[in-house]
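First comes the structure, then the notes that go with it.
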There are 2 protein chains.
Amino acid sequence: MARTAGSDGEKTEAAIRAAALRLMARHGFEAVSMRQLAGEVGVQAAALYRYFPTKEDLLYTLMRAHMEGLIASWEAARPASGNAAALLSAFVENHIRFHVARRHSTHVSNMELRSLSHERLTHILRLRGAYEKELRQILRSGADAGTFHIDDTALTAMAIIQMITGVIVWFRPGERLSVEEVADTYHTMTLRLVGAPA
Amino acid sequence: MARTAGSDGEKTEAAIRAAALRLMARHGFEAVSMRQLAGEVGVQAAALYRYFPTKEDLLYTLMRAHMEGLIASWEAARPASGNAAALLSAFVENHIRFHVARRHSTHVSNMELRSLSHERLTHILRLRGAYEKELRQILRSGADAGTFHIDDTALTAMAIIQMITGVIVWFRPGERLSVEEVADTYHTMTLRLVGAPA
DNA sequence: TAATTAATAGAACGTACGTTTAATTATGGC
DNA sequence: GCCATAATTAAACGTACGTTCTATTAATTA
């Protein structure tokens, strides 16, 4: 057989990306074979190469989409004006909502950096750095205004990011807590962390 | 050739464990082959099987040692008496010191859980759960005493653990900050996080 | 309806993997 | 100095991997 009835490049590519995220989030990039991925999509392994020239290209595409989506999400959610505390709240909420809604993508982006080539790793890290810089700027402006009390801006930014990204390790939507409750509690903890009045 | 001059089972096993941690922390469990590991140790791949029956056994041994070491370290560092704030400080400091001193082991234990069989995964998670329970108890006692102000004990415990484990993602000893300074700043942030007076 | 292009299948290639087996050499106790 | 045993090598086994090649069929265009 060859081309199958109803086959459509766009749909196949989307199915590949979704299946890749799901499988790689669960088993890890190295542990997922192209044949296994193809089987999940319902296609032969060779068909994957029409959409992604190599396995690493596929990973890179997924990671880039994740980081660009995260940055775009923050740009859309960032309040046009407001004090540092309001900005920080918005940042925390956007971060948590984005990651909870993209569990698989987040896992892959956090765990599989080492499977990228040096130059692609550099590009992803640059995107990540740009995103983290947004948080550092918020912290610095709050500290300058006297709203926040911060020892070390870079260290505090990393601590906050680790904390709020860690949500996806234990959070399961539809269980004890809702996203709103979780985001709210993290929001409170973050403000306390930076020494701002609750 | 066969047995080599000066060969010693204990030393070889220690060398295998150290090399495995180093390589797996950098490249990931799946990406490290037994031949590559053997090459790093200076031995043939078959020699590894004298010490570890399978590759997964090796991983499991490393992870179990890490978790048991962490729990033992906390048992040794835990103050015999003291209020919740003092206990929390001791917990944070021990956690950070332990993990910073064992970067490779920490990376492997945090990243490679999915390469364990179900029953071994369960065992490691049980150890992890026991360790996290210590923190939850500290938080609860502090909340009961009115020292801490905590919304959700389980959620707060996870947030703190994510935050203080995340240190090893960015911290490099011998650079801008010392372990003492880092532990001190995290200690301050943690106390603020739980609503305790600094 | 004929020609072109898009989307796939099926088979194969070379390589690397985890692991096993058998042979071989060094070490330590008598 | 002999002997049991500890430590290791060298070679091989079967399997699975990422990827490529070619043929074939479905959809689209003219």
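Because only heavy atoms are used, hydrogens play no part in the values below, and waters and symmetry mates are left out as well, while side chains stay in. Convention: sequence-line order gives letters A, B, ...; per-chain numbering from 1. None of these values were measured; they are calculated from a predicted model.
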Which part of the nucleic acid does A:F52 contact within heavy-atom distance under 4.0 Å: base, sugar-phosphate only, or nothing?
nothing
Calculate the interatomic distance between A:E30 atom CD and C:dA16 atom P; express it in whole Å.
14 Å
Closest non-hydrogen atoms of B:A25 and A:R114, given as atom of the first, atom of the second and distance, are O-NH1, 3.2 Å
Testing A:R22, A:R35, A:R26 one by one against A:E40 for a salt bridge (charged side-chain N to carboxylate O under 4.0 Å, His left out), which residue passes?
A:R22
Spacing between B:K11 atom NZ and D:dT8 atom C1', to the nearest angstrom:
16 Å
Between P on C:dT8 and CD on A:E10, what's the gap in Å once rounded to a whole number?
12 Å
Taking the minimum atom-to-atom distance to the side chain of B:A46, which one of D:dA7, D:dA10, D:dG18 wins?
D:dA10
Taking only the side-chain heavy atoms of A:Y51 (C-beta and beyond), determine which of C:dT19, D:dC17, C:dA7 contains the nearest atom.
C:dA7
D:dA30 pairs with, by Watson-Crick or G-U criteria that keep both distances under 3.5 Å
C:dT1
Considering only D:dG18, C:dT8, C:dT20, which nucleotide approaches the side chain of B:Y49 most closely?
C:dT20
Minimal heavy-atom distance between B:L191 and B:F148, with the atoms involved, is CD2-CE2, 4.5 Å
Calculate the interatomic distance between A:R50 atom CZ and C:dT5 atom P; express it in whole Å.
13 Å
Would you please indicate yes or no on a ring centroid separation below 6.0 angstrom for B:F171 and B:Y186?
no
What is the distance, to the nearest angstrom, from the CZ atom on B:R35 to the C1' atom on D:dT8?
16 Å
Side-chain donor-acceptor pair under 3.5 Å between A:D144 and A:S141, yes or no?
no
Which is true for B:V41 with a 4.0 Å heavy-atom rule: it touches a base, it touches only sugar-phosphate, or it touches nothing?
nothing
When A:A31 and A:P53 are each assigned the nearest nucleotide of DNA chain D, the 5'-most assignment goes to A:A31
How close or far is atom P of D:dC17 from atom CD of A:Q36, stated in whole angstroms?
8 Å
Interatomic distance, A:E56 CD vs D:dC17 P [rounded to whole Å]:
19 Å
Should A:S33 be listed as having a side-chain N or O under 4.0 Å from OP1 or OP2 of D:dC17?
yes
Among C:dA23, C:dT19, C:dA9, the one nearest A:Q44 by side-chain distance
C:dA9
Shortest side-chain distance from A:T4, nucleotide among C:dG18, C:dA9, D:dT19:
C:dA9
Can you tell me the distance, in whole Å, between the CG atom of B:L37 and the P atom of C:dT19?
12 Å
